[in-house]
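Take a look at the structure set out below.
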Amino acid sequence: MSPTQKELEQNLQVDTYTKAFNEQAFQSDLINWFQIVKRDLPWRQDQDPYKVWVSEIMLQQTQVDTVIPYFNRFIQQFPTANALADADEQEVLKAWEGLGYYSRARNLHHAVKEVKANYGGEVPKEIQQLSTLKGIGPYTLGAIMSIAYDTPVPAVDGNVMRVLSRVLLIGEDIKMQKTRKLFERVIERIISQTDPSSFNQGLMELGALICRPKNPDCINCPVKMYCLALKEDKVADLPVKAKAKKQKERNYFVAVIETEDHQYLIEKRTEQGLLQNLFQFPMFETTQIDDVLFNEYVNAYFNHPIKFTGKLAPVKHVFSHLIWHLDVYHFKVEGAFTAGENKRWVEQAALTDYPFSVSHQQIIRQFD
DNA sequence: TAACCGTGGAG
DNA sequence: TCTCCAAGGTT
């Protein structure tokens, strides 16, 4: 089977970036540095593929210091793939509460059930099997294959693209998916065959500690002698990254409805879109209606006499692609009434049993 | 492809 | 306050 025209062009492109590159010496210097300075992180205690998997999912778009306490609690609560598979989704979401990107938790839970059903609870080490699991994309695939199974597969994350764009002077826009694929092809040429785990982790550790987005510590860089950007004084210009779009803004009324014996009405979000299956206080998107109309609307919506008792502090919540402005209203009712399928009444102390997004945690914190 | 999907830290 | 960005994946 001969390579296609496209593949030939791609190989040529990789050639231009790697032809004058001494990958043997680079590997050696990078790996030796990593062995000396690597941080003592909880997921580096052993090579358990399940723990590597959990850590890599949590670390997606999330800083190490944020992940550490979540990882420790999660592994204590769900020590094995089978233990996680046997858990309820609500438990898993609760353990993920506050970490964000909740599809990661739901996909991990789904995938672990598949591992239990199809692979006897053992995380597969075949690349084809691993890559079909929900939530395991190209980066995580390479990370698990290399870190857990010592197999030379590229693991291209933001750190790796930043480091290699500088070392090899690659000016492609790292927002583009085809650029990530370019880096994967480059790494297939230069990855260590004997210690791909330290090679991949070394690139990421270098990006985190030395080759930082701002104020890179080039003086102390273990591979500065290979760095074309440093040689040409272009470190600050790389990587090239398209600007992010501005978030859209949305306004909501939130109804905190409390009974005389201090039960609160909460509702479960849908299985689609934002914050799937998380809980919240009933909320309604608003465009132009005012406070008075909202009070009438709430009474009509629930078909029950509900007494407005005052406003709580408004909440502004910034997502990656969205900004919520929540106007929070407090209502009193005499007792719990039938409110609908996805709704339930919960005592104040029991609110902590349910997974809420941070926006609604900010509301709960005002109850004291 | 580009939009969607969270949250918190750092400059 | 504002902007970027952090061990990305899915659709």
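Every chain is numbered from 1, with letters handed out A, B, ... down the list of sequences. Worth saying up front: this structure is predicted, and the values here are computed from it rather than measured.
- Picking from C:dA7, B:dT7, B:dC5 the nucleotide with the shortest atom distance to the side chain of A:Val358 gives B:dT7.
- Among the heavy atoms of the strands lying under 4.0 Å from A:Leu41 is at least one base atom, whether or not backbone atoms are also near.
- A:Arg212 comes within 4.0 angstrom of nothing in the nucleic acid, heavy atoms only.
- The side chain of A:Tyr139 approaches C:dG9 more closely than any other nucleotide in the set C:dA6, B:dC4, C:dG9.
- The nearest pair of heavy atoms linking A:Ser198 to A:Ile31 is CB-CG2, 3.9 Å.
- Using a 4.0 Å heavy-atom distance criterion, A:Gly207 is classed as making no nucleic acid contact.
- Distances from the side chain of A:Asn107 to the nucleotides C:dA7, C:dT10, C:dC5 place C:dT10 closest.
- Relative to the side chain of A:Arg44, the nucleotides B:dT7, B:dG6, C:dA7 differ in distance, and C:dA7 lies closest.
- Counting any heavy atom pair closer than 4.0 Å across all strands shown, A:Trp96 reaches no nucleic acid atom.
- Remark: the A:Thr140 side chain and the C:dG8 base include no donor-acceptor N/O pair separated by less than 3.5 Å.
- Mapping A:Leu275 and A:Lys178 onto DNA chain B via the closest heavy atom, the residue that lands nearer the 5' end is A:Lys178.
- Here A:Ser357 does not reach the OP1 or OP2 of B:dG6: none of its side-chain N or O atoms lies under 4.0 Å away.
- If you find the closest nucleotide of DNA chain C to A:Ile147 and to A:Gln177, the one lying nearer the 5' end belongs to A:Ile147.
- Closest to the A:Asn159 side chain, of the nucleotides C:dA7, B:dG8, B:dG6, is C:dA7.
- Among the heavy atoms of the strands, none lies under 4.0 Å from A:Val67.
- Close to B:dA2, at under 4.0 Å from its OP1 or OP2, lies no side-chain N or O of A:Lys175.
- Comparing C:dG8, B:dG11, B:dT7 by their closest approach to the side chain of A:Gln60 singles out C:dG8.
- What separates CZ of A:Arg104 from C1' of B:dG6 is a distance of 8 Å, to the nearest Å.
- Between the P atoms of B:dG11 and C:dA7, the separation comes to 14 Å (whole Å).
- A:Tyr101 places its OH atom 10 Å from the C1' atom of C:dC5, with the value rounded to the nearest Å.
- Among the heavy atoms of the strands, none lies under 4.0 Å from A:Ser359.
- In this entry the distance linking NZ of A:Lys246 with P of C:dC4 reads 11 Å, nearest Å.
- For the pair A:His317 NE2 and B:dC5 P, the computed distance is 13 Å after rounding to whole Å.
- Sequence order on DNA chain B of the closest nucleotides to A:Ser320 and A:Thr66 puts A:Ser320 first from the 5' end.
- Spacing between atom CD of A:Gln61 and atom P of C:dC4 amounts to 15 Å, rounded to whole angstrom units.
- With B:dG6, C:dC5, C:dA7 as the candidates, the nucleotide lying closest to the side chain of A:Phe319 is B:dG6.
- Ring centroids of A:Tyr70 and A:Trp96 are separated by 6.0 Å or more, keeping the two rings apart.
- Between the C1' atom of C:dC5 and the NZ atom of A:Lys243 lies a distance of 15 Å, rounded to the nearest Å.
- The gap from the P atom of B:dT1 to that of C:dG9 amounts to 16 Å, rounded to the nearest Å.
- Between C:dC5 and B:dC5, the two C1' atoms lie 16 Å apart (nearest whole Å).
- With 3.5 Å as the limit, one finds a donor-acceptor pair spanning the side chains of A:Tyr139 and A:Glu56.
- As a whole-Å value, the separation of A:Arg250 CZ from B:dC4 C1' is 13 Å.
- The nucleotide whose nearest atom lies closest to any side-chain atom of A:Glu56 is, among C:dA7, B:dA3, C:dA6, C:dA7.
- With hydrogens and angles ignored, no donor-acceptor pair under 3.5 angstrom links the side chain of A:Thr62 to the base of B:dG8.
- A salt bridge links A:Glu205 to A:Arg39: at least one charged side-chain nitrogen sits closer than 4.0 Å to a carboxylate oxygen.
- Considering only the side chain of A:His321, B:dC4 comes nearest among C:dC5, B:dC4, C:dG9.
- Using modelled atom types and a 3.5 Å distance limit, the side chains of A:Thr62 and A:Arg104 yield a donor-acceptor pair.
- Here the C1' atom of nucleotide C:dA7 and the CD1 atom of A:Ile136 are 14 Å apart, to the nearest Å.
- The pair A:Asp353-A:Lys94 does not count as a salt bridge, with every side-chain nitrogen at least 4.0 angstrom from each carboxylate oxygen.
- Looking at the side chain of A:Tyr102, the nearest of the listed nucleotides B:dC5, C:dG9, B:dT7 is B:dT7.
- Close to B:dC4, at under 4.0 Å from its OP1 or OP2, lies a side-chain N or O of A:Lys248.
- Between A:Lys241 and C:dC5 there is a side-chain N or O to OP1 or OP2 distance below 4.0 Å.
- Between A:Tyr264 and A:Phe367, the ring center distance clears the sub-6.0 Å criterion.
- Taking atom C1' on both C:dC4 and B:dG6, the two are 16 Å apart, rounded to the nearest angstrom.
- Side chain of A:Ser131 to backbone of A:Ile127: a donor-acceptor contact under 3.5 angstrom is found.
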